[in-house]
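Data first, discussion second: the structure below is written as structure tokens.
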Amino acid sequence: MRKEAQSGETDMQTQILDEREKSILRKEQRCRGGGINCESASVSGAVSQRACVYCGARVVLNPITDAFHIVHGPIGCASYTWDIRGSLTSGSTLFRNAFSTDLQERDIIFGGAEKLAAAIDEVMQTYKPKLIFVYATCIVGVIGDDVDAVCRKAEEQYGNRVIPVKAPGFAGHKAEGYRMACNALLALLKPHAASTRRLGINILGDYNLAGEMWIIKNYMREIGVPVIGSFTGDACCETLLLAPQAFLNVVQCAGSMLYLAQRMEEQFGIPWIKASFFGIEDTTNAIMNIAELSGDKGARARAAAFTGRESSLAARDVERYKAHFAGKKAAIFVGGGFKAISLIRQFTEMGIETVIVGTQTGKADEYEVIAGLVNSDAVILDDANPAELEAFMKEKGADILVGGVKERPLAYKLGMAFCDHNHERKHPLAGYEGVRNFTKEINLSVNSPVWRYMYPAF
Amino acid sequence: MNANIVNLTTNPCKMCMPMGAVTAFYGIRKCMSILHGSQGCSTYIRRHMATHYNEPVDIASSSLTEEGTVFGGTKNLLKGLANLIKLYEPEVIGVSTTCLAETIGEDVDAIIKSFYAATPGCAVKIINVAAAGYGGTQFEGYFRALHATVSQTQMDATPHNGVNVITGPISPADTRALKALLASTGIASVLLPDLSQNLDGIHAETYKRLPGGGTPLSAVSAMAGAHATLELSPFCPDEYSPGAYLEATYGVPLTRLALPVGLRDTDAFLAALVDLGAVIPQSVGEERGRYLDAMVDSHKYNAAARAAIFGEPDFVHSLTRFACENGIIPVLAAAGTRSPRLADALKDEMAAAAERQFVEEYDIVDGADFERIDAYVEKNRANILIGNSDARRIAEKRHLPLVRRAFPIHDRVGGQRRRMLLYEGSLSLLDEIANAMLAHTEETFRGALFHDLCHDGQKKKNARTKDADGLAGCGERSLSVTTAARGAARKNAARTATHPCFSYGACKTAARIHLPVAYGCNIGCRYCLRKYDCPNESRPGVSSILLSPEEAFGRFKAAREMFSHLMVVGIAGPGDALANFSRTESTLRMIREYDPDITFCLSTNGLMLPVHASRLLELGVSHVTVTINAVDPAIGAKIYRFVNFMGTRHEGETAAAILLANQLSGLKFLTGNGVVCKVNIVLLKGVNDHHIERVVATARSLGASLTNIMRLIPVPGSDFACLPPVSNGELTKIRGICEKHLSQMRHCKHCRADAAGLLDHDESIVFRTGEQKKIPARPPRARLECAEAPKNGAAP
């Protein structure tokens, strides 16, 4: 594998735009104690890896399996989000379809609200879904469609929930979309506030990618703490409505769902904890914390026994690989900061040093934790673009990049291994099962024989 | 999904204009794209393209914000242009607008002018294209970008002998082949655009952020002086046709040709080149010969193909013609884009292809989404799909091969290298189609002939699937449902081998557990009474305990630990599995999450089947036993005291008729969807003993696999307690008579509703001892209410 530090890059002069400098934390800045610029708009022309507000809202709500997800707008937004994520279902497969009002030129001129209303009428008459989400994309607000009114009228007429998610792409970045989705969920839950709590938790921010929600549920079954609502992996309308009965919200993907946890605490009085199920240490901590908070001695004992057993088995499996990982360096570029933190810990467990950490939508406090976890010369980036990833991965001599679909070809072109930590993957990375998959994947990519042959022949 | 909603596009077979525009710009040398709009447009398009081409796809965005939307995006676009020039050093920039920029009325021309004014000495050529997502699809966007490129580039009209070749969206590998061909013919040519390197890059020592391939702008400029233009896109809209523009503006004669796929269209393309002075190398002649040879070699296999072809109109047009010349019957040609001319262009060929093999139904549609395509696939009984990978869900659902071509291909590697153009590309496509047909034949012909011709096989087939009588009058839709269910039927039939009740061979080796979660019953059978439980008594309807779904799940886990050979989970009461459906459902759901492989079986009187059958399919129930004691309401009325259906209690023949109708339609639905069904019949002397054969024949016509004619176990206190007993001889005789209709189960053990272990060796007692203390002193109220409620004698 090529690893020459190409600090004297010649064929491409600019690696980092001036406006981007403050979103990059290098050794020098950290020595001075400076923070990172984050939670701000992307720089025009910088080729951000971020998607838009609509994307944020859609990823959070789409795994609700029995909901009708209608994209109100021109076709593109529905086309590019059709069943692209690996959220699995044990029930309805309705959510795997793409429904769009497919607005045309004449709708832009005369408005699309009537078409939307007619579509909802048809859906109600044909499928009678309990729940419809209407995502209004970029131009809907601009052309003046009153989506709220259409949805309200449909709710009154049919008695089923029709919840508008007004998510024009330009109204912020992906994280704003998360918030809109959380508000839509609150709108769904609001009439169902529960008078009594019971022994049971909600999982927030797990989308059942490759069955990860099922893994977490299995753990909870082992320790005897039932999962009431799953937000939103493998969720259906009926079980979501029971969520206000839970005694605890467990937030896995903090980036997308912390906001919902905070609102549910205010409105329903449900306390929350952050809990990551990535890596042995975090998984064990998550299970133990939940058991502890359940106040059930039996649960605590079962959790201790279970995590003790499983974590030592997983650690033993990881141990076997360690010699293969000696001297390897990792770069991380993922969506949220909380996941990045887990990944750094996980790499540490595996004996791999993390030299670059970037996120699309990390928050200031998460970047502080990240800075505390990595070595002093690691680079931390918010909203990085391909040029920066390329420059720093070369500079730091990273051997493997953990990232999303768009970053994969870049890593490969640079002769680097890659781990798919994205929403399309078909193997779980959460829990003890996930630790094994993750370790296996890192090994098979970073130690693949193909890298040995990436040299010029003549 | 089976109904088209007219106001919604469901599962689109098209993308938006900016997607097409950036694809075309990728074929211009040193060109970088920026989308003027929200951040998401570029990110989504990048993801969509990166997964297909397996290449880094960098597309900038002006990242319009709320402020930009209200006050105009000039500032964003200016900054975006400056930044991407710094990062990528492009020679050309393609600015495509988006829905948002067009709707808020951005004047991109003026913004570009002000950019040049503010950036003296800027040598970058900026081309702009209006690409509102609602103005057309990626197909139109692609040609708009090419039109913008030729119309906004400073042209040099000095006449020369070169030829312009303009293509619609084709794969990089096809582009390379086209380029190589043109280079070998001795004529100078410009290929616009040229994706061959930029979207199928090599692995080089140094990575270049902006790839160096593509049509140089200097070559574009020379297109104005060319000898002729060949535009390989019959459906390119005239107003955005680069060839038409060059003809109208610079007098370059335009010839429109189909994409060179298949023999005729490749011949036509080469002939056009020859007319323009090309010399076709001998090697191309050999390629043609090889393709002819392949056409002959595989013509009989291809004749078995009924193809559904979908995608962009040029693609659909060429592939349909290719299919027709190879004897493949195109039963559907569907364009995702609106292309009213498509039908005229294809109808004669498709009619001829269909007529040759007496195929009655074929369709040509445009503006189609995959929901509609799927409906046509079903209606016209396509057996192969040809187009992009978005049809993979149809392929999966209907168990059809999908030959992947065009864009996008997201579920396989090498989308950028799929070939279909020229003789060699056609040959690889043809081989792939023929091989898909051969693979199907190889996998199925032994079994099919065994079932069709061999006497033993016919018996099995009759036992397993509905026969021709059962299908008569069902119409095409049901026929296709059967097709769709064939895969499920195959899988479920495989499970039968390890199901102790459905397969005699398995009853000594495979264990099963009945989980007693279903307490209530909704019909009253005169032979049934469940007032008490004795752990040593064994008959249907008896259970020592009623389990909650959670407890049942626990018992299942324990049983799985205990019996290594546990193959089947059944729900057989003690009431009716569907009368307490939520309990049955949650039990099965929990188990399925825990164990994706275990076989699910349940037994029911069938009253609620029409309501819950589709959910049973979703839960993965592969085996169902329905107890049908009569198929004549007059006889049924003697057997059933009442039927409680949807909250109303019915008696007499009405009750029997409701029950019967639901049993029959439910059974038919299940077998039609591949569920293996058994029908249990309780032999009641003097009541239905003369009627048994009719019940069995009916069960067969509805697709049941076997029947289990059971002896009555007289229960003291029940109405039929004093019915005369049935001798072994009588039972054997009746089973013998019925054997000619359907296989007979002869190893039934009349199992309890909480049975566990092997059929011959019930071990449920081990669970009972542990739970004995949990048994309520008196049965719970729900059980009291149905104390005399029926138990249909089912043994799943």
Side-chain angles (χ1 to χ4, degrees), chain A residues 11-12 14 17 41-52 54-55 70 73-76 78-80 82-83 90-91 96-105 107-108 115 118-119 122-123 126 138-139 142-143 169-171 173 214 217-218 386-387 390 405-406 409-410 413-414 454 456, chain B residues 1 3 5-12 14-16 19 34 38-41 43-48 50-51 54-56 58-66 68-69 76 79-84 86-87 89 99-100 103-104 133-135 201 203 205-209 589 592-594 618:
Chain A
D11 49 44
M12 208 58 86
T14 309
L17 299 167
S42 297
V43 175
S44 308
V47 191
S48 164
Q49 304 293 92
R50 279 177 185 163
C52 60
Y54 158 72
C55 171
I70 298 177
I75 197 65
S79 223
Y80 307 134
W82 174 21
D83 195 24
S90 62
R96 290 189 60 200
N97 293 291
F99 301 104
S100 169
T101 48
D102 192 2
L103 295 182
Q104 302 292 310
E105 205 105 47
D107 303 315
I108 307 309
K115 194 172 186 182
E122 276 189 281
V123 167
T126 316
C138 278
I139 58 162
V142 181
I143 63 173
F170 55 80
H173 62 80
W214 297 337
K217 282 187 170 177
N218 288 345
E390 176 195 340
V405 178
K406 296 187 299 296
L410 174 64
K413 278 284 187 282
L414 294 172
M454 301 295 127
Chain B
M1 308 300 304
I5 298 177
V6 298
N7 286 294
L8 286 179
T9 293
T10 302
N11 301 338
K14 60 179 177 180
M15 292 151 274
C16 66
M19 168 69 84
I34 181 165
S38 293
Q39 175 62 48
C41 305
T43 307
Y44 274 135
I45 290 172
R46 290 175 63 204
R47 191 211 74 93
H48 225 65
T51 317
N54 306 290
E55 287 289 320
D58 289 3
I59 300 165
S61 169
S62 62
S63 304
L64 273 183
T65 57
E66 200 108 40
T69 305
N76 289 63
K79 193 202 237 180
L81 288 169
N83 279 340
L84 83 85
K86 273 188 222 158
L87 281 177
E89 301 190 319
C99 299
L100 182 59
T103 310
I104 61 176
Y134 47 77
H203 196 95
E205 222 186 345
T206 316
Y207 166 65
K208 290 202 173 66
R209 207 175 288 161
R589 201 180 52 220
R592 186 51 89 217
E593 276 180 23
Y594 186 82
E618 287 168 4

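What you see below is based on every heavy atom in this structure, not just the backbone, and it leaves out hydrogens, waters and symmetry mates. Sequence lines set the chain letters: A, B, ... in the order given, protein chains first and strands last, and positions in each chain run from 1.
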Legend entry - OH on B/Tyr134 to CD1 on A/Ile143, rounded to 0.5 Å: 8.5 Å

Inset, instruction - Go through the side-chain N and O atoms of B/Ser62 and B/Asn76 and say whether any donor and acceptor fall under 3.5 Å apart. - result: no

Legend entry - Max heavy-atom pair count under 4.5 Å with chain A, selected residue of B/Asp58, B/Thr51, B/Thr65, B/Leu84: B/Thr65

Legend entry - B/Lys14/A/Asp102 salt bridge by N-O under 4.0 Å criterion: yes

Inset, instruction - Tell me, for B/Arg589 versus chain A, whether the close heavy atoms (under 4.5 Å) come from the side chain, the backbone, both or neither. - result: side chain

Legend entry - Rounded distance [0.5 Å steps], NE2 in B/His48 versus OG1 in B/Thr43: 14.0 Å

Inset, instruction - With a 4.5 Å cut-off on heavy-atom pairs, point out which of A/Cys55, A/Gly73, A/Ala46 contacts chain B the most. - result: A/Cys55

Legend entry - Options A/Asn218, A/Ile108, A/Val123, ranked by heavy-atom pairs under 4.5 Å with chain B, top entry: A/Ile108

Inset, instruction - Quick one: pull up CZ in A/Phe99 and OG1 in B/Thr9 and give me the separation to the nearest 0.5 Å. - result: 11.0 Å

Legend entry - Separation of B/Leu8 CG from A/Thr101 OG1 (nearest 0.5 Å): 7.0 Å

Inset, instruction - Determine the minimum heavy-atom distance between B/Cys99 and B/Thr103, stating which atoms define it. - result: O-OG1, 2.6 Å

Inset, instruction - Name the member of A/Ala51, A/Pro409, A/Ser48 that forms the most heavy-atom pairs with chain B at distances under 4.5 Å. - result: A/Pro409

Legend entry - Short N-O contact, B/Glu89 and B/Arg209, less than 4.0 angstrom: no

Inset, instruction - Would you mind checking which part of A/Leu103 comes under 4.5 Å of any heavy atom in chain B, side chain (CB onward), backbone (N, CA, C, O), both or neither? - result: backbone

Legend entry - A/Asp83 portion near chain B, given a 4.5 angstrom heavy-atom threshold: both

Legend entry - Side chain / backbone / both / neither for B/Ser61 at chain A, heavy atoms under 4.5 Å: backbone

Legend entry - Winner by heavy-atom pair count (cut-off under 4.5 Å) against chain B, out of A/Gly169, A/Ser79, A/Gly91: A/Ser79

Inset, instruction - Mind ranking B/Pro56, B/Gly40, B/Ala60 by heavy-atom pairs under 4.5 Å with chain A and telling me who comes out on top? - result: B/Pro56

Inset, instruction - Using non-hydrogen atoms and a 4.5 Å limit, figure out which bit of A/Trp214 sits close to chain B: side chain, backbone, both or neither. - result: side chain

Inset, instruction - Name the member of B/Leu81, B/Ile59, B/Ile104 that forms the most heavy-atom pairs with chain A at distances under 4.5 Å. - result: B/Ile59

Legend entry - Between A/Ala41, A/Cys52, A/Ser44, A/Gly45, the one whose heavy-atom pairs under 4.5 Å with chain B are most numerous: A/Ser44

Legend entry - Approximate separation, where rounding is to 0.5 Å, of B/Met15 CE and A/Tyr80 OH: 6.5 Å

